[in-house]
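Notes follow once the structure below has been shown.
Since the structure is predicted, the reported quantities are computational estimates derived from the model, not experimental observations.
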Amino acid sequence: MTPARAWKALSPLVFSPPIRFLSQSLPEASRIVGSTPMRLSRYFLPILRDTPKDAEIASHRLMLRAGMIRQEAAGIYSFLPLGLRVLKRIEQIVREEQNRAGAIELLMPTIQLAELWRTSGRYDAYGPEMLRIKDQRGRELLYGPTNEDMITDIFRNFVRTYRELPKILYHIQWKFRDEIRPRFGVMRGREFLMKDAYSFDLDEAAARLSYNKMFVAYLRTFARMGLKAIPMRAETGPIGGDLSHEFLILAETGESAVYCNRDVLNLPVPGADVDYDADLTPYIRPWTQFYAATEDVHDPARFEHEVPPEKRLHTRGIEVGQIFYFGTKYSDPMQAYVAGPDGMRRPVHGGSYGVGVSRLVAAIIEAFHDDAGIKWPEPVAPFKTIVLNLRQGDGATDAASEGLYQALSHRGVEVLYHDLDERQGAKFAVADLIGIPWQVMVGPRGLAEGKVEVKSRADGSQELMTPAAAIDRLAG
RNA sequence: CAGGGCGUAGCGCAGUCCGGCAGCGCUCCUGGCUUGGAACCAGGAGGUCGUAGGUUCGAAUCCUACCGCCCUGACCA
């Protein structure tokens with residue numbers, strides 16, 4: 001049947017309902033996974049009242065208590081519904097900024113052939129932290145700890161000429177590194193979700209442009225999550241040069257000691273309108289002109305010479321991203337060559353750019369929490385608002401809460417409705433623990449004046465307003 | 001991997017030294033009474049004491065081996 005005949009075959013009668021269905025479901029479908037409104041009585045949120053003894057740092061403790069994760073083995077976790085929502089939000093921000101910078105998404109498998117790693121010479125070089133396995137035919141496989149080898153293999157199979165450059169390819173995939181000692185929950189798990197991008201350019205000068213794109217994309221990515229991530233000069237390994245930076249967020253519980261000039265904390269982040277095809281150095285230079293280094297590369301003499309005493313900041317940080325240029329490290333042994341303008345084949349210059357997506361969930365909590373629980377920045381929060389019915393079972397309160405929940409849902413607000421038959425105190429505690437940015441408290445006391453109370457989890461400020469005003473505020 | 005510690009109910013723990021009915025708090029279930037920061041009262045459910053072997057009339061407890069998990073370090077997103 002041709003498309004035209006198929007069209008005619010559908011009578012208006014049967015055709016119109018699907019159209020209406022489609023138009024209604026489109027906004028819904030365009031949302032990210034798990035982003036629908038929810039009532040707690042139907043959700044799966046296993047809150048832990050006591051602190052599990054295994055959890056030492058705040059983020060690990062809070063993720064377990066808030067029912068975000070469950071440990072399956074050392075360094076291996078299930079993401080429960082609430083945790084998955086946050087993970088997906090972070091992933092989506094990373095994705096959007098990669099796309100904005102011109103990177104192209106693909107998806108490589110978690111399992112790789114040992115043979116591939118032998119062609120790059122890394123199978124034996126990589127240590128015991130690489131999980132090596134065999135299939136039933138005795139074929140040697142491995143659970144990928146990274147994907148440079150595979151992406152280089154993909155690239156060399158399809159790209160022959162400099163005319164197709166530059167290219168930045170990325171994926172967001174689970175990886176496994178059999179760390180000697182996993183710890184701190186998903187902060188340093190063995191299995192972890194990572195965005196890794198790989199750039200391909202004809203020479204070092206071009207590679208530097210790709211590097212700059214990722215540099216700017218990372219500034220934007222972390223800023224969108226509410227984080228102040230500081231690029232710090234990092235060790236470049238055997239390649240040398242100045243093209244490697246680690247992005248760290250400052251936190252007392254961080255694993256690295258850091259030294260920097262306080263002024264980097266107030267530098268501007270490029271806006272969404274940044275032109276990635278233009279010269280990006282004006283955006284980058286301010287970030288690299290100030291001293292900022294982790295202990296590995298810290299130079300005390302330089303630090304004291306370049307940074308006035310009152311500007312010196314020595315604290316700890318959590319690495320959430322890393323970018324570096326590695327030249328022809330993989331393209332040489334794997335013969336990933338392209339023809340240049342002169343017709344001569346030469347190895348492409350590569351770089352790789354990682355973001356620890358699952359680690360960011362924990363890192364954000366380290367940056368945003370208090371004694372009562374998590375304080376999610378809105379862009380990564382599992383829900384934007386939580387409606388607390390303070391007198392469950394009371395007709396007027398139930399009706400007002402339900403109405404608020406429905407109205408917020410219809411306005412597209414991601415709302416969690418706490419409709420369990422619990423006392424207010426318990427509901428407040430849960431709301432604070434799971435860190436939803438806005439709490440709307442609906443109780444007899446406020447309703448007597450026709451008001452509900454909107455509370456900010458971030459700063460604790462509260463405001464009485466009519467339900468209609470609350471809806472406008474939260475939907476705005 | 002080295003050093004240290006821990007495996008007893010869903011969670012947190014006592015009991016192990018000195019072998020003798022498997023306990024406490026929270027959670028959970030039922031009912032009552034309550035209602036602005038994890039109330040209270042009453043009743044109830046829930047455990048192959050990490051696994052295997054050994055000693056013993058008898059093992060959570062003593063012995064041996066193994067497994068798992070956590071902490072510190074070196075390593076790492």
Side-chain angles (χ1 to χ4, degrees), chain A residues 46-57 60-61 64-65 67 70-76 90 94 126-130 145-147 172-197 218 222 229 234-235 244-249 254-256 294 296 317-324 352-363 371-373 388-394 397 418 420-434 439-448 451-453 455 460 462 464:
Chain A
I47 298 283
L48 266 42
R49 191 163 167 166
D50 298 318
T51 300
K53 65 170 180 177
D54 288 349
E56 288 287 313
I57 64 169
H60 189 195
R61 192 170 65 235
L64 289 168
R65 287 197 57 214
R70 189 182 86 121
Q71 178 168 329
E72 304 296 349
I76 300 177
I90 292 170
V94 171
Y126 218 98
E129 62 268 28
M130 183 157 77
T146 182
N147 286 76
I172 300 173
Q173 177 62 293
W174 290 92
K175 305 199 182 313
F176 191 92
R177 290 180 197 167
D178 196 0
E179 298 290 347
I180 296 166
R181 184 148 97 83
R183 63 183 108 178
F184 304 146
V186 300
M187 182 77 80
R188 180 148 44 152
R190 291 192 291 174
E191 189 181 46
F192 54 96
L193 186 62
M194 184 173 175
K195 185 284 298 182
D196 42 324
Y218 277 29
F222 299 124
E235 290 195 48
S244 182
H245 287 87
E246 294 176 339
F247 287 72
L248 292 99
I249 62 171
E255 78 269 68
S256 315
T294 61
D296 303 339
I318 300 168
E319 188 185 341
V320 290
Q322 138 275 324
I323 60 179
F324 65 94
S352 78
Y353 315 89
V355 171
V357 177
S358 50
R359 155 173 276 208
L360 270 166
V361 181
D371 289 344
L388 303 180
N389 182 340
L390 300 186
R391 185 75 64 88
Q392 202 74 41
D394 175 88
T397 313
H418 198 323
L420 298 179
D421 186 17
E422 289 178 2
R423 298 165 63 88
Q424 317 85 332
K427 294 194 177 188
F428 294 142
V430 165
D432 285 350
L433 174 64
I434 66 177
Q439 301 173 3
V440 185
M441 293 174 275
V442 184
R445 186 190 288 182
L447 289 179
K451 301 279 181 64
V452 297
E453 195 165 349
K455 177 182 172 184
Q462 308 185 15
L464 274 173

Q | Distance between P atoms of B/rC57 and B/rU51 (Å, rounded) | A | 24 Å

Q) Quick one, which residues of residues 172-179 of chain A touch RNA chain B with a heavy atom under 4.0 Å? A) A/Arg177, A/Glu179

Q.
For A/Arg70, give me all partners under salt bridge (charged side-chain N to carboxylate O under 4.0 Å, His left out), at least two apart in sequence or on another chain.
A. A/Glu72

Q. Given that both distances must come in under 3.5 Å, which nucleotide forms a Watson-Crick or G-U wobble pair with B/rG7?
A. B/rC67

Q) When we call it a touch if two heavy atoms are under 4.0 Å apart, what does A/Gln71 touch: a base, just sugar-phosphate, or nothing? A) sugar-phosphate

Q. Residues two or more places apart in sequence or in another chain: which of them pass side chain to side chain contact (heavy atoms under 4.5 Å, CB included) with A/Ala197?
A. A/Gln98, A/Ile168, A/Tyr170, A/Lys195, A/Met214, A/Tyr353

Q) Can you tell me how far C1' of B/rA77 sits from CD of A/Glu191, to the nearest Å? A) 14 Å

Q: Taking ring-ring contact (aromatic ring centres under 6.0 Å, His included) as the test, write out the residues that go with A/Phe176, two or more places apart.
A: A/Tyr143

Q) Partners of A/Thr146 by side chain to side chain donor-acceptor pair (under 3.5 Å), sequence neighbours excluded? A) A/Glu148

(Q) Going by purine N1 to pyrimidine N3 plus the second Watson-Crick contact, or the G-U wobble pair, all under 3.5 Å, which nucleotide sits opposite B/rA2? (A) B/rU72

Polar pairs (N or O, both sides) under 3.5 Å between protein and nucleotides 12-14 of chain B?
from	atom 1	to	atom 2	distance (Å)
B/rG12	OP1	A/Lys53	N	3.2

Q | Protein-nucleotide distance (A/Ile180, atom CD1; B/rU72, atom P), rounded to Å | A | 15 Å

Q: Could you give the distance separating B/rG19 and B/rC75 at their C1' atoms, to the nearest angstrom?
A: 45 Å

Q. A/Arg188 has a side chain; which of B/rC75, B/rC1, B/rC69 sits nearest to it?
A. B/rC75

Q: List for me each residue that meets salt bridge (charged side-chain N to carboxylate O under 4.0 Å, His left out) alongside A/Lys451, sequence neighbours excluded, and say none if there are none.
A: none

Q) Distance-only, no hydrogens or angles: does the A/Ser358 side chain make a donor-acceptor pair with backbone N or O of A/Leu193 under 3.5 Å? A) yes

Q. Is there a Watson-Crick or G-U wobble partner for B/rU55 with both distances under 3.5 Å, and which nucleotide is it?
A. none

(Q) Give me the distance, rounded to whole Å, that separates B/rG7 from B/rC66 when you measure between the C1' atoms they each carry. (A) 14 Å

**Q.** C1' spacing across the pair B/rG3 / B/rU27, given as an integer number of angstrom
**A.** 37 Å

Q) Touch check for A/Gly189, heavy atoms < 4.0 angstrom, all strands: base, sugar-phosphate only, or nothing? A) base

Q) Between the main-chain N or O of A/Asn389 and the side-chain N or O of A/Lys427, is there a donor-acceptor pair closer than 3.5 Å? A) yes

(Q) Just the rounded figure in Å: distance from P of B/rA77 to NE2 of A/His245. (A) 16 Å

Q | Nearest-angstrom distance, P atom, B/rU64 to B/rU55 | A | 15 Å

Q: Tell me, please, which residues at least two apart from A/Arg177 pass salt bridge (charged side-chain N to carboxylate O under 4.0 Å, His left out).
A: none

Q. Is there a donor-acceptor contact under 3.5 Å linking the side chains of A/Asp432 and A/Gln439?
A. yes

Q: Return the set of residues passing ring-ring contact (aromatic ring centres under 6.0 Å, His included) with A/Tyr126 (not counting sequence neighbours), or none when no residue passes.
A: A/Trp117

**Q.** Atom P, compared across B/rG54 and B/rC71: separation rounded to whole Å
**A.** 36 Å

Q. Roughly how many Å is it from CZ in A/Phe184 to P in B/rC75, rounded to a whole number?
A. 15 Å

**Q.** Identity of whatever pairs with B/rG46 - Watson-Crick or G-U, under 3.5 angstrom
**A.** none

Q) What is the base-pairing partner of B/rC13, counting Watson-Crick and G-U wobble geometry with both distances under 3.5 Å? A) B/rG23

Q. Given the P atoms of B/rC26 and B/rA38, what is the spacing between them in whole Å?
A. 15 Å

Q) Atom CG of A/Leu420 and atom P of B/rU27: how far apart are they, to the nearest Å? A) 15 Å

Q: Mind calculating the distance between CZ (A/Arg181) and P (B/rC76) to the nearest angstrom?
A: 15 Å

Q: Applying side chain to side chain contact (heavy atoms under 4.5 Å, CB included), name anything that partners A/Glu453, two or more places apart in sequence or on another chain.
A: A/Met441, A/Gln462, A/Leu464

Q. Is A/Arg359 paired with A/Glu255 through a side-chain N to carboxylate O contact shorter than 4.0 Å?
A. yes

(Q) Run the salt bridge (charged side-chain N to carboxylate O under 4.0 Å, His left out) test against A/Arg190 and tell me which residues pass, sequence neighbours left out. (A) A/Asp178

Q) What integer distance in Å separates A/Arg183:CZ from B/rC75:P? A) 11 Å

Q.
Need the pair for B/rU35. Rule: Watson-Crick or G-U wobble, both distances under 3.5 Å, any strand; none if unpaired.
A. none

Q.
For B/rC18, give the paired nucleotide (Watson-Crick: N1-N3 plus N6-O4 or O6-N4; G-U: N1-O2 and O6-N3; both under 3.5 Å), or none.
A. none

**Q.** Pairwise side-chain contact, A/Thr294 with A/Glu319, heavy-atom cut-off 4.5 Å (strictly under)
**A.** no

Q: Find which nucleotide of RNA chain B each of A/Gly321 and A/His60 is nearest to by heavy atoms, and output the residue with the more 5' nucleotide.
A: A/His60

Q.
Base contacts versus sugar-phosphate-only contacts with protein, heavy atoms under 4.0 Å: please encode nucleotides 29-39 of chain B as B, S and - from 5' to 3'.
A. -----BBBBBB

**Q.** Integer angstrom distance from the P of B/rG50 to that of B/rU8
**A.** 6 Å

Q: Give none if B/rU61 has no partner; otherwise give the nucleotide forming a Watson-Crick or G-U wobble pair with it, both distances under 3.5 Å.
A: none

Q: Check the distance between B/rC69's P and A/Glu56's CD and give it to me in whole angstrom.
A: 17 Å

